[in-house]
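Each ligand, and each atom within it, is numbered from 1 in the order the structure gives.
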Amino acid sequence: MRRKLAAGNWKMNGTATALAELETLAAAGARNQTDVLICPPATLISRAADSAGGALDIGGQDCHANTSGAHTGDVSAEMLKDAGASHVILGHSERREDHGETDVDVNAKTIAALAGGLIAVVCVGESLAEREANQTLDVIGAQLAGSIPDDVSGATLVVAYEPIWAIGTGKVPTLEQIGEVHDFMRAELGARFGSDVGDAIRLLYGGSVKPGNAAEIFAVSNVDGALVGGASLKAADFGAIITALDAA
Ligand code: PEP
């Protein structure tokens, strides 16, 4: 049985005052079936880990493929772990777009994350043009194949399906479209890693998840949780999403 996961991606939002939201979430205590992860900006990871007090997991939003060296502005998996992170988001479409990250880059970063003792949350997703050209499953299949290294397990890898056109737009795929991609990802992972590993890897949906649409999304097959951007910034909204997931 896969535990559910509600993951919040704060992106480049939040200074010390934002920790109050995290403290509110932490005060609600552990959920029965749901792990809760907050990925704040790197500047807040250490303080967020302190504020969470073990009630929530804390993650980074990216890491470098190397452990150390002349890479100004980057952080390594070891540094994230040292700061209190247990997870790291990799291959988010904003990293792929803003920084030209390829599947090869994401693969190398995932290897580094796992070597550094972090759980990797690897993101995949199609553009609107790819969706309209009926290329979605081809794109997702190629991203899974290219971005995920060979040595993974359900304990070390989470995959997030995030259609680029749904991120921050208020647009959400139909439940059938979400189910089609999640069933496809489950089958692809099972074919590559065997059904034991493939069935253990948690699959998150991300893209304009809100308290009002969370329950119906969480009822879709092979949706084990959500990666949430905007609605993770406020404890009231993210708390409602967590509650919907825990009840699903
Ligand atoms: C995201 O950036 O991972 C995301 C899903 O954003 P939003 O929830 O705001 O669409």
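Classification of the His182-Tyr161 ring pair by plane angle, with boundaries at 30° and 60°, yields perpendicular.
The ligand atoms of ligand 1 that sit less than 4.0 angstrom from a heavy atom of Ser208 are 7 (P), 8 (O), 10 (O). Near Gly168, meaning under 4.0 Å from one of its heavy atoms, ligand 1 places the atoms 7 (P), 9 (O), 10 (O). Heavy-atom proximity to Gly207, at under 4.0 Å, picks out these atoms of ligand 1: 5 (C), 10 (O).
Salt-bridge formation is detected for the pair Asp62/Lys109: a Lys NZ or Arg NE/NH1/NH2 atom is positioned less than 4.0 Å from an Asp or Glu carboxylate oxygen.
Looking at ligand 1, you won't find any N or O of Thr169 less than 3.5 Å from one of its N or O atoms. Where the criterion is an N or O separation shorter than 3.5 Å, residue side chain and backbone included, Val228 fails it with respect to ligand 1.
Scanning all protein heavy atoms for the shortest distance to atom 2 (O) of ligand 1 gives Lys11 NZ, 2.5 Å.
Put simply, the side chain of Ser76 does not reach to within 4.5 Å of the side chain of Ser68, judged on heavy atoms. Leu56 has its side chain within reach of Leu22: a pair of non-hydrogen atoms, C-beta onward, lies under 4.5 Å apart.
At a 4.0 Å heavy-atom cut-off, ligand 1 touches Ile167 through backbone and side chain alike.
Among Arg2, Arg202, Lys4, the single residue meeting the salt bridge (Lys or Arg N to Asp or Glu O under 4.0 Å) criterion with Asp35 is Arg202.
The closest approach between a heavy atom of Ala166 and any atom of ligand 1 is below 4.0 Å.
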